[in-house]
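Let me begin by presenting the structure, written as structure tokens, before commenting on it.
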Amino acid sequence: MYKGLEVVLETASPVHIGNGSRLSPYGGYVFDDKEGIVYILDPDKVDEALNRLPEKAVDEYVEILTAQKRTPRNFYLLKNFFSQWKIRYQDLAMASVRTDANIKNEEIHQMIKSGTRPYIPGSSIKGAIRTALIYSHLKEGGYTVEQALSTINKPRGFYNGSEIFGVSDKDILKYLHVSDTNLLAPDEVGIVKTVRFHLKKKKTGIPITKEVIPEKKKLYFRLQTKADASKKFHEKFSYLYSREDFQGEKDILYRLNQFTKDLLESELDLFKRYISGMNGLISFYEKLLAAAKTFEKEKNGAVMRIGSGKTFYDNTVTKLLSDREIQKIAKSVFKKVDHPFPVERTVIDGGNVYDLSLGWVLLNIDGRET
């Protein structure tokens, strides 16, 4: 039975899709700086261990968790507490994550998981595909700054494609199904520090530490077009018809890749003008662009960006406009607008070396019916 096209998703850089929770250094994890391992504590195991201790020890533990003044000293108190009471914090962990990041006393933004197993939601993938399809149709039919400005004050803000696909239950993209990826093992995660890098000032902001799916991990998801011949769509939406040769799914991936290719070319031009000395980051983007050009030629996949770290352009169709038109739109939304806009990019801090940015994946057609 036809159930869609299985696609291989390989992470080209770490991917973070948050679940809204953060791990606190005062009770959520212990960092072994000698081993470079973050031990994520299991609350149930911690409770069991505390129940075996005298009341004095429990009071001391509570004092650490509720300390009014958060300092580096407080951070190390938790590790010292376990050592003092001869408790192996390694045995209290639900997962252990090896990292090269210099973890101090910061919170760690957690990755979305099913239980303890990380994955990439189909909704995140479909959201990226939707933006790319909107971009593709507007590129074919034309998009003006007047159209962009007319949508900014609407409830949903920037252009969301409702004029193309329809609204609510009439949205024809309901005939495109994207599954969640398979689940990875609990220990198939990493931890990185990210910073906002100012392209003109060549400075970084406050680091944010995130749990990620590391680069070079392979996952799988199903892409399925579900419309039958009774749906009399305009021919430009023919990719939504269900076909056993997967032509619709392949066309969608092709359009997605074209969107990403345009963005990569624009970003590379910007990087070479403002941060020409950051050879590692520029080389990384050149490799992504080369992959996009190969997919364009072979028509067998796409480069895509998802999750945290995406720019204003990754989430909108604004790159269809000129720089001057983009500035006009930005000034109508934001109080302060730098040039270039936006002037910051989120990069991974590799110890004052910035060679990667978050969220890049390669989608390869596996070609199996599932």
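All values reported here derive from a predicted model rather than from experimental measurement. As a basis for the values below, the full set of heavy atoms in this structure was taken, side chains included, without hydrogen atoms, waters or symmetry mates.
- The salt bridge (charged side-chain N to carboxylate O under 4.0 Å, His left out) contacts involving residues 15-31 comprise R22-E107, where partners must be two or more places apart or lie in separate chains.
- Between D262 and K139, at least one side-chain N (NZ, or NE/NH1/NH2) sits under 4.0 Å from a carboxylate O, which counts as a salt bridge.
- Every pair passing salt bridge (charged side-chain N to carboxylate O under 4.0 Å, His left out) that includes a residue from residues 169-181 is listed here, sequence neighbours excluded: R130-D171.
- One finds a salt bridge joining D245 and R243 here, because a Lys/Arg side-chain nitrogen approaches an Asp/Glu carboxylate oxygen to under 4.0 Å.
- Note that the OG1 atom of T311 and the CD atom of E267 stand 5.5 Å from one another [nearest 0.5 Å].
- In this structure, K319 is positioned above the aromatic face of Y313, its NZ or CZ under 6.0 Å from the six-membered ring centre and within 45° of the axis.
- By the salt bridge (Lys or Arg N to Asp or Glu O under 4.0 Å) test, E188 pairs with K217, sequence neighbours left out.
- Listed by chain and residue number, F165, F237, Y239 satisfy the ring-ring contact (aromatic ring centres under 6.0 Å, His included) test with H137 (two or more places apart in sequence, or in another chain).
- D269 meets the salt bridge (Lys or Arg N to Asp or Glu O under 4.0 Å) test with R273; sequence neighbours excluded.
- Annotation: salt bridge (charged side-chain N to carboxylate O under 4.0 Å, His left out) contacts involving residues 48-59, sequence neighbours excluded, are absent.
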- Task: Show your reasoning for whether side chain to side chain contact (heavy atoms under 4.5 Å, CB included) applies to Y241 and T225.
- Result: CA-CA 6 Å; Y241 290 118; T225 55; 6.0 Å; no

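- F197 and Y354 have tilted rings, their planes meeting at an angle from 30° to 60° on a 0 to 90° scale.
- Every residue two or more places apart in sequence or in another chain was checked for a ring-ring contact (aromatic ring centres under 6.0 Å, His included) with F221, and none qualifies.
- In terms of the side chain to side chain contact (heavy atoms under 4.5 Å, CB included) criterion, residue partners of I208 (sequence neighbours excluded) are, by chain and number, H109, T194, K210.
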- Task: Might you work through the salt bridge (Lys or Arg N to Asp or Glu O under 4.0 Å) test for R117 and D187, ending with a clear yes or no?
- Result: CA-CA 8 Å; R117 302 178 67 183; D187 60 353; over 6 Å; no

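- Among pairs with a residue in residues 259-279, those fulfilling ring pair (Phe, Tyr, Trp, His ring centres under 6.0 Å) read Y135-F259, F271-Y285, at least two apart in sequence or across chains.
- With rounding to the nearest 0.5 Å, the separation of CZ in R196 from NE2 in H198 is 10.0 Å.
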- Go through the steps for F312 and F341 under the test ring-ring contact (aromatic ring centres under 6.0 Å, His included), then give the verdict. CA-CA 9 Å; F312 174 76; F341 172 80; 5.2 Å; yes

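- Evaluated for a side chain to side chain contact (heavy atoms under 4.5 Å, CB included) with I134, the options I164, L320, I129 yield exactly one hit, I164.
- For the atom pair CD1 of I112 and OG of S21, the computed distance is 10.0 Å after rounding to the nearest 0.5 Å.
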- Message: For a ring-ring contact (aromatic ring centres under 6.0 Å, His included) check, start with the C-alpha distance between Y175 and F233, then their side-chain angles and the critical distance, and finish with the verdict.
- Response: CA-CA 11 Å; Y175 294 105; F233 295 146; 5.7 Å; yes

- Report the C-alpha distance between V15 and W360 in whole Å, list the side-chain angles of each, state the deciding distance to 0.1 Å, and finish with yes or no for side chain to side chain contact (heavy atoms under 4.5 Å, CB included). CA-CA 7 Å; V15 171; W360 291 102; over 6 Å; no

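- One distance of note links CD1 of I108 with CD of Q110; it measures 8.5 Å at 0.5 Å rounding.
- With V195 as the fixed residue, the side chain to side chain contact (heavy atoms under 4.5 Å, CB included) test singles out one of T204, I348, I206: T204.
- If you check the side chains of T209 and E106, you find a donor sitting under 3.5 Å from an acceptor.
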- Message: Does Q327 form a side-chain hydrogen bond (donor to acceptor under 3.5 Å, both in side chains) with H339? I'd like the steps, not just the answer.
- Response: CA-CA 8 Å; Q327 285 283 319; H339 186 78; 3.3 Å; yes

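- Without hydrogens or angle criteria, T181 side chain to I120 main chain gives a donor-acceptor distance under 3.5 Å.
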- Message: One pair to check against side chain to side chain contact (heavy atoms under 4.5 Å, CB included): Q224 and S242. What are the steps and the verdict?
- Response: CA-CA 8 Å; Q224 182 183 11; S242 175; 5.7 Å; no

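- Here the two rings, on F295 and Y254, have centers that are 6.0 Å apart or farther.
- Residues forming a salt bridge (Lys or Arg N to Asp or Glu O under 4.0 Å) with E140 (at least two apart in sequence, or on another chain): R255.
- Between the CD atom in E344 and the NZ atom in K201 there is a gap of 8.5 Å [rounded to 0.5 Å].
- Scored by the salt bridge (Lys or Arg N to Asp or Glu O under 4.0 Å) test, D349 finds no partners at all (sequence neighbours excluded).
- Look at R222 and E249 and you find no salt bridge, because none of the NZ, NE, NH1 or NH2 atoms lies under 4.0 Å from a carboxylate O.
- Inter-residue side-chain proximity for S124 and Y119 is flagged as unmet; no heavy-atom pair is nearer than 4.5 Å.
- The CG atom of L362 sits 7.0 Å away from the CG atom of L288 when rounded to the nearest 0.5 Å.
- Residues satisfying the side-chain hydrogen bond (donor to acceptor under 3.5 Å, both in side chains) test with D323, not counting sequence neighbours, are none.
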